[in-house]
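One structure below.
Protein chains get the first letters and strands the later ones, always in sequence-line order, with residue 1 at the start of each.
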Amino acid sequence: MKSKAGSKAASLLIFLVLTVFAIFCLAPFFFLLISSLRPGAEMIRNGISFHVDFTALNLNNYWLLLEGKDGIYPLWYINSAIITVLHTLLSLLVTSMVGYGLAMYEFKGKNLIFTIVLVVMMIPVEILILPLYKLAIGIEMINTFMGVIMPFVVAPMSIFFFRQYAESLPKELLDAGRIDGCGEFRIFFQIMMPLMLPAFGAMGILQAMFSWNGFVWPLIVLRSNDMLTLPIGLQSLITPYGNNYDMLFPGAVMSVIPIILLFIINQKAFISGLTVGGVKG
Amino acid sequence: MADPSVIGLGKPYNRRSRLRQIFSSQKTAPYVFVLPFILSFLVFFLYPIISTVIMSFQRIDGPEDVTFIGFQNYKNLLNPHFLNAVWLTTRYTFWTILVLVPLPLVLAIFLNKKTTIGKNFFRSAFFMPALTSVIVAGLFFRLAFGEQQTTLVNSMLGVFGIKPTIWLQDADASMFVMVLLCTWRWMGVNIIYFLSGLQGIPEELYEAAAIDGASEFEQFLHITLPSLKPVIMYVVTISVYGGYSMFAESFALWNGPRSPGEIGMTIVNYIYQEGFNNNNLGFGSAIGIALFAIVMAVNLLQLFSSGFFKKEGT
């Protein structure tokens with residue numbers, strides 16, 4: 001009896017601890033939302049705070065965002081969407097091919113290539129920003145969407161994931177396809193790709209998230225106001241001469257919404273995308 | 001890439017189909033599959049690495065105005081700004097590991113218990129911050145830790161009679177904010193790593209231990225921890241990587257590479273400042289190489305001390 005009461009108390013304690021940390025994780029979202037509904041002048045006076053005049057909350061900032069000032073915000077949103085979609089599709093196509101090739105075939109240099117994939121995964125991209133910048137100038141990719149996308153299309157982590165996934169595909173299908181007279185690429189596109197759909201889901205969502213939230217590289221490549229992505233655009237609203245809170249907060253909220261919706265719809269894919277690299281015995 | 005239909009344009013049909021056959025034969029196909037990686041590796045990785053090593057030995061005053069200066073850039077690294085950046089980044093990495101390994105581990109164990117209520121809700125709640133861009137996260141932390149008396153954090157502290165702090169102007173306070181920001185964003189991701197590790201531990205181990213009379217803490221010490229060792233090592237390794245290459249967080253908190261008294265100047269901030277603001281590409285490259293060497297050294301040290309290389313011998 002005694003131990004039963006004890007374990008009940010322990011469960012309650014655990015529940016309380018989890019609740020405290022959940023509040024820590026979720027509170028910023030709540031305050032961002034509230035802040036986006038407050039008049040900018042009030043934000044300047046009090047910052048993010050408990051002192052909220054609830055009667056003054058309204059959607060004005062959002063209207064301002066959509067129509068006001070030369071419509072630059074919707075443009076950033078569209079830029080981000082274009083870059084994210086292009087980047088994700090290209091990356092999925094290419095990394096699935098590489099991962100599949102590494103898993104399915106025996107060929108000279110295969111181990112070397114896989115080792116290089118692992119090494120590239122381990123080197124911080126931040127040390128490459130200067131030489132990549134120089135290269136981007138050289139091949140005239142500064143201030144273009146392609147410049148943002150190209151250097152990171154062939155994501156090594158994604159290759160690693162597709163390889164792991166393809167290893168589990170039945171090799172007999174390859175032979176069956178050949179006997180039926182399919183070329184190697186037809187086998188990939190028509191037989192294997194559909195079997196790899198869960199892997200496409202996981203990597204697609206993760207890649208879209210990285211691309212949508214990308215900061216360091218777009219900050220360097222994108223130069224003119226009309227080419228900016230959402231995060232870089234929002235960053236540019238913070239100036240030494242005052243922060244444009246009226247646009248900043250609704251912009252921040254709008255930038256978070258699509259990715260949260262995606263997460264709510266497809267939690268499993270997010271999680272399987274993350275855990276592949278983590279748990280190798 | 002060679003598109004057979006383009007190559008074969010106007011040529012007899014059988015030539016085209018032969019090309020296609022060679023292109024997609026069993027022998028050549030694997031190379032075509034991995035070709036994008038090889039190309040991208042050569043253009044966007046190997047070439048930049050080589051070019052940054054070369055640049056680190058140069059003074060670059062303009063596209064055509066390049067002088068070879070030997071190890072001068074590396075000698076210049078021994079200046080207070082760089083040493084400050086290394087020390088700051090090291091402290092930051094240390095704190096993030098100290099918080100972001102044990103805390104998510106404990107929370108993951110809690111979430112893994114059969115009796116815990118609302119597991120799915122908590123897991124989603126913890127993961128949510130990882131979905132935000134660093135700009136949005138930085139914006140919140142910057143204004144919640146604002147200097148006015150009325151801001152979120154200062155007014156909370158006021159309840160306990162603690163005087164308002166000017167958070168982002170003070171070295172220790174800003175380190176706290178940076179580590180907290182990192183904790184907020186990455187706690188959920190690490191929880192997921194640990195959870196997937198925990199789920200791989202066979203239940204029977206615990207049952208057997210319980211029959212032998214091991215307490216829950218003993219079970220944690222002798223079963224959970226050793227089984228999770230690979231995951232813990234992975235999390236530490238990516239934390240070293242992430243900690244030393246931290247940039248965007250501090251960039252967002254201070255709106256640029258500069259911060260009062262360099263309290264937020266990380267190594268990558270220093271690269272950015274030298275490379276883009278001071279147009280000093282050679283010196284910036286040397287900082288990059290130094291950063292690479294530091295990350296490698298710390299990771300090797302960590303792998304050695306945790307006995308990773310001993311395993312090979314057995």
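- Both the backbone and the side chain of B:F37 come within contact range of chain A, judged by heavy atoms closer than 4.5 Å.
- Aromatic ring centres of A:Y133 and B:F276 lie closer together than 6.0 Å.
- Residues B:W184 and A:F29 bring their aromatic ring centres within 6.0 Å.
- Atom CG of A:L12 sits about 11.5 Å away from atom OG1 of B:T115, to the nearest 0.5 Å.
- Highest contact tally toward chain A, considering only B:L228, B:N255, B:V268, B:T52, is held by B:N255 [criterion: heavy-atom pairs under 4.5 Å].
- Ranked by heavy-atom pairs shorter than 4.5 Å toward chain A, the options B:T116, B:V295, B:L139, B:T237 are led by B:L139.
- If you take CD1 on B:I49 and CD1 on A:I123, they are separated by 5.0 Å, rounding to the nearest 0.5 Å.
- Closest approach of B:Y241 to A:P124, counting heavy atoms only: OH-CA, 3.3 Å.
- Between A:F24 and B:F126, the gap from one ring centroid to the other reaches at least 6.0 Å.
- Proximity to chain B (any heavy atom under 4.5 Å) is shown, for A:I23, by neither the backbone nor the side chain.
- Both the backbone and the side chain of A:Q235 come within contact range of chain B, judged by heavy atoms closer than 4.5 Å.
- Neither the backbone nor the side chain of B:Y244 comes within contact range of chain A, judged by heavy atoms closer than 4.5 Å.
- If you tally non-hydrogen atom pairs under 4.5 Å between each of B:P129, B:G188, B:G118, B:S227 and chain A, the highest count goes to B:P129.
- Heavy atoms of B:I287 lying under 4.5 Å from chain A are absent altogether.
- Contact annotation for A:F107: both backbone and side-chain heavy atoms come within less than 4.5 Å of a heavy atom of chain B.
- Remark: A:R178 CZ to B:Q26 CD distance equals 3.0 Å, nearest 0.5 Å.
- Contact of A:M150 with chain B is made through backbone and side chain together, with heavy-atom distances under 4.5 Å.
- For the residue pair B:A125 and A:C25, the shortest heavy atom distance occurs at O-CB, 3.4 Å.
- With a 4.5 Å cut-off on non-hydrogen atoms, A:F215 touches chain B through its side chain but not through its backbone.
- Contact of B:V43 with chain A is made through backbone and side chain together, with heavy-atom distances under 4.5 Å.
- Atom CD of B:E216 is surrounded by 12 or fewer heavy atoms from other residues, nucleotides or ligands within 6.0 Å.
- Looking at A:T19, the atoms closer than 4.5 Å to chain B (heavy atoms on both sides) sit in the backbone and in the side chain alike.
- For the atom pair A:Q267 CD and B:R123 CZ, the distance stands at 6.5 Å (nearest 0.5 Å).
- The minimum heavy-atom distance linking B:V136 with A:A252 is given by the pair CG2-CB, 3.9 Å.
- Each of B:F141, B:F140, B:F41 has some count of heavy-atom pairs under 4.5 Å with chain A, and the biggest count is that of B:F140.
- Options B:S155, B:S40, B:S124 differ in how many heavy-atom pairs under 4.5 Å they form with chain A, and the most are formed by B:S124.
- When heavy atoms are compared at a cutoff of 4.5 Å, B:F127 approaches chain A solely by way of its side chain, counted from C-beta outward.
- With a 4.5 Å cut-off on non-hydrogen atoms, A:K110 does not touch chain B at all.
- Heavy-atom distances place both the backbone and the side chain of B:M128 under 4.5 Å from chain A.
- Comparing B:F121, B:Y272, B:F247, B:Y31 by heavy-atom pairs within less than 4.5 Å of chain A, the highest count is held by B:Y31.
- Here CD1 of B:I135 is found 6.5 Å from CD1 of A:I238. Values are rounded to the nearest 0.5 Å.
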Between B:F44 and A:L128, does the side chain to side chain contact (heavy atoms under 4.5 Å, CB included) criterion hold? Intermediate values first, please.
CA-CA 9 Å; B:F44 295 116; A:L128 291 175; over 6 Å; no

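- Interface remark: A:V153 contributes no atoms to any contact with chain B (heavy atom separation under 4.5 Å).
- Heavy-atom distances place no part of B:R185 under 4.5 Å from chain A, backbone and side chain included.
- In terms of heavy-atom proximity, B:P48 sits nearest to A:P131 at O-CB, 3.3 Å.
- With A:N213 contributing its side chain and B:V134 its backbone, the two residues share no donor-acceptor pair below 3.5 Å.
- Of all the listed residues (A:L262, A:I159, A:V120, A:T95), the one sharing the greatest number of non-hydrogen pairs under 4.5 Å with chain B is A:V120.
- With a threshold of 4.5 angstrom between heavy atoms, B:L103 approaches chain A through side-chain atoms but not through N, CA, C or O.
- Counting heavy-atom neighbours within 6.0 Å of A:R186 CZ, excluding the residue itself, gives a total of 12 or less.
- Rounding to the nearest 0.5 Å places CZ of B:F194 at 13.5 Å from OG1 of A:T275.
- Here the two rings, on B:F33 and A:F185, have centers that are under 6.0 Å apart.
- Contact of A:L18 with chain B is made through backbone and side chain together, with heavy-atom distances under 4.5 Å.
- The part of A:Y245 that comes within reach of chain B is its side chain, from C-beta onward, which places non-hydrogen atoms under 4.5 angstrom from that chain.
- Listed options A:F270, A:F15, A:F263 were ranked by heavy-atom pairs under 4.5 angstrom with chain B; first place goes to A:F263.
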